[in-house]
Amino acid sequence: MRDFGRRFARNRGAVIGLVILGAVLGLGLAAPVVFPGDPFQMAGKPFERPLGAFALGTDMMGRDVLAGLAHGARTSLLIGLVATVIAVVIATVLGGCAGYYGGRIDDVLMRFTEFFQTIPSFLFAIVLVAILSPRIENIIFAIAAVSWPPITRLVRGEFMAMRNREFVQACVVLGMRDRAIIFTEILPNALSPILVTGSLMVATAILIESALAFLGLGDPNVMSWGFMIGSGRTFLRTAWWLCAIPGLAILLTVLAINLVGEGLNDALNPRLKHL
Amino acid sequence: MNEPHSGPTGTTRRNFLRTTGLATAGAATASLMVRRPAVAAEPKRGGTLVHLIQPEVPTLATYMSTSSPVSQAGTRAYAGLLEYDFDLNPKPSLAESWKVSDDGLTVTFKLRKDVVFHDGKPFTSADVQFGVMEVLKGVHPRGPGSFREVTRVETPDAHTAVFRLGNPAPYMLMALSSYESPIVPKHLFQGSDLRNSKHANEPVGAGPYKFVEWKRGQYIRFDRFDKYFKKGQPYLDRIVQRSIADSATRTAVLERGEAHLTGFGGVPYSDAKALGKLPHLTVTTKGYEMFSTLTWLEFNTRKPPFDNKKVRQAIAYAMDRQWIIDNIWFGFGKVATGPINSNLKQFYTADVRNYQVPDGLELANRLLDEAGHKRNGSGVRFELVHDLTPYGEEWQRFGEYVKQRLDQLGIKVTLRYEDVATWLRRVYTDLDFQMTSNWLHGFADPVIGVHRNYHSSFIKKGTVFVNGTGWSSPRTDQLMDKAAVEPDATKRAALYKELQKLLVEEAPIAWILENKFPTVYNNKFADVIAGPLGILETLDQVRLA
C-alpha cells in the first residue's frame, strides 16, 4: 500500500489532480452546511457581479452562484460516481462471463454489447432521458446505460487473457466453482485496468450530465453545473460569470479526474512496478 | 433610462409605455419605444423588406391554419372584410360600410366595387358568401365558432352581402380581419377540394402583395400587387420571408441589417431588450392588442388541495407579478388582474379582488391556515407537483420562481418537465396534474378566446387549450351564455364585468401577466406596426423611412 502511495506521488500531475478533486469533494460535502437550504432560493438582486455582495455574483433570478456551484459539485460527483459504479458492475458481470466462458455465450454477449456500441452514446442518453422524463435517477440510468459497453469489452479482454493462465487452470483442476474463480481469482488480477478506466468514466459521466442539463434535460429540482451554464448562456454577453464559473468548475474537475486516473494507471500498472 | 432615439426626419415620438399603461416600467422596459412617422408629403416607394418568421412556415393557407408562422407568411396575399384600429374598433376594408339590424340578426355589408384578385378577376359578394359558408365555416379552425350563428349569406347584388344569423353574434364583427377571416376567390376554389387546393401554397387573394415563389427551406417571396384596391399602396416592392432556426443567429442577422423584421418570439426577450438599445433598430410591443394574451397558473380544481378556493387564492396572493415580469419576461408584460386582458377596454374591469398586494405572502399564509393546512414539524403544509410549460427558458424560470415562492408558504413543490405532447395529454386528457403554468390568447372578443377557459361546455377531455381546470358554476355559465348573444354593448359589458368579479374571487386560475411580445424592426422602414394585429396585418402601409 505504501508502495502504491509512493508510485502515485511520483506523478506530479496526479497529486495536483487529487488536490483539486479533494477541494471539489470538500465543496460538495460542505454545501449543505455552508449554504443551507435550497440553492435555487433567490438570495439577492439579479445579475450582481462577482466579488460584490456575493463572492461569485448572482444569476438572472438573484440566486447565489457560489451556492449553486457548491450544490452543483454534489450533483456532479454523485451522478458521476453512481453512474460509473452501475456501469462498471454491469460491465464486469457481462464482460467477465463473455471472457471466461467464451464460445456461444461470448458471441451472444458481444453482439449485444456491439448493438449498444453502434448507437452514438450522447444521442442515446438524450433519447433515454427524454422518454423517461428528466429526473435524477433516470439521468443516472441513462448515463450508466451508455457507459457500460466499452468497459465490458475491456473486462472481456482481461478475462480472456487470464482464462488460460496456469493459476486459473489450477483452480479449475482443484474443482473450484466458476463463480469463485471469476470473483476471487481473475477479478482481483484484472482490477487495475478496470479501476483506471472507471475513474476516467466518472469524468465522462460528469460531462454527459452537464451536457444534458445544458440542453434543458436536467432534473429541474436539482442544481447542477450544466444547468447553470445552460440557463446562463442567454446572458453570455451581459453576465459572463454565469457561464464562465460553472464552466471552469467542470473543466477543473474533469481535468483533475483524468490526472488522478493517469496516476492510478502509473501506480497500478505492474510493468511500472520496478521503477 | 435611455431616451428614445430620434428618427432621421425629426419624427414625433411617444413613449409607448405610457400609452399602453405598462406600469412601473423600471429598467427592463425603458427601451420599448414606437416611432410615429412624420406627416410626410409623399411616401417613399420601393424597397425590399426581409421578414424573419419563426418557426419554419409549413403552409401558406391562412384560411385553414391559424398557427403563427402560417399567418405571418400567408396574410400578405389576402384582404379581409374589415380592419381594426388599436382600440379594436372596426374600420372599412373590402367592406365599405356595414350595418347590424336592431335585433342583431341581420348584418349587411356594402362591398367596394374596385377590388380585383391577383388573377385580375373582380371581387364580389359571391366570394364573401362562398368564403364564409364554405371556406371559413368549413375548414378554418376558429371559423365555425366565429360564424356559428350565420345560417346563410344572401347576395342581393354583386356588392352587397347580407349575413342572416340565428342569434345575435356581436363577436362576429371582431373576426373579419384579413388574418382571422381571409377572403379567397370563389372561382379558383369552388368545386375543388379545399384542403388540397393548389392555391393553398400559391395563394391568390385581394391583398397588397402577390405571391411569386416559395423556395422551400430558403425563402418565400411576395411582390407588390399593382391593382391593390387602396390606391398607391403598398409602398414596398417586395417582402421576402425567411426562417432561421437558431435564435442567436436571428438576433445577429437583425443586428447586422440582413433582415428587417421579426415578432412573436422571433428573438429571446433578453436579446430584444438589448436590440432595442441599438440606434438602427426599434423594439415595440404594439401590434398584439388583438391577441390579448395572458400567462397564468392553472389549478386542477377537481382534486385537493385546489378544490378549496382558499388554497387557490393563497397561491394567487403569493405571486409577485411585477417581479416575474421584470426578471423573467424582461419587462415584456403587464400585471394581469383577471380573465379578460385590459386591451379589451369595453369589457375589462380592474374592480375585482386584487391579488397583487405588498403583503401577499402574509395573506396567503393566513388563507392556508384557514383552509386547514397547518405546518408540520419541519414547517411544511403540503407537497405539490408543479408542471412546467415546456415552451422554453422563461417557463422554466417561472417554475423555479413558483417553487421558491411557495416554499415560503410551507408548500413543498416538485417541478416536473415533460415534452409538449406529454404535458398536453397530462393536462387536457388524463387530467393528471395539480398545477401548471400556461398561456393563451384571449383574442378580440371574450366569446372567441375567454369562454373556452371557464365555461363548463368547454370541459372537454382530449381537447387542448380549453377549460383544463375543470372549474364551472351555474352562475358564470349563465353570464357567458347571456353575454354571447347580447346585442347591446353596455349590457354585454356589464355581464362580463360581473363574470370577472366572480371568476377572480373563485380563482380557478392565478392570472399573472398580460404578455407583451417584442417586435423588432429596422429603422430603414416606417409605419411597420399600424394595427392591433401587428405583423399579422397585411403590411400594406409599410414604407421606406
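Just so we're on the same page: letters track the sequence lines, and every chain starts at 1. Keep in mind that the numbers below use all heavy atoms, side chains included, and drop hydrogens, waters and symmetry copies. Note that the structure is a prediction, hence the values are computed from the model and not measured.
Relative orientation of the Trp439(B) and Phe517(B) rings is tilted, given thresholds of 30° and 60° on the angle between their planes.
Considering only heavy-atom pairs separated by less than 4.5 Å from chain A, the leading option among Gln396(B), Glu418(B), Lys403(B), Arg405(B) is Lys403(B). Among the candidates Thr234(A), Thr238(A), Asp219(A), the residue making the largest number of heavy-atom pairs closer than 4.5 Å to chain B is Thr234(A).
Ring centroid separation for the pair Phe306(B) and Phe299(B) comes in under the 6.0 Å cut-off.
With respect to the salt-bridge test (charged N to carboxylate O, under 4.0 angstrom), the residues Glu114(A) and Arg111(A) qualify.
For a residue to count as touching a neighbouring chain, one of its non-hydrogen atoms must lie under 4.5 Å from one of that chain's; by this rule Ser231(A) touches chain B with backbone and side chain alike. Within the 4.5 angstrom heavy-atom criterion, no atom of Arg135(A) approaches chain B. Using a 4.5 Å cut-off between heavy atoms, Pro220(A) contacts chain B through both its backbone and its side chain.
Just one of Thr389(B), Asn515(B), Asn438(B) meets the side-chain hydrogen bond (donor to acceptor under 3.5 Å, both in side chains) condition when paired with Thr295(B); it is Asn515(B).
With hydrogens and angles left out, the side-chain atoms of Arg63(A) and Gln41(A) include no donor and acceptor closer than 3.5 Å.
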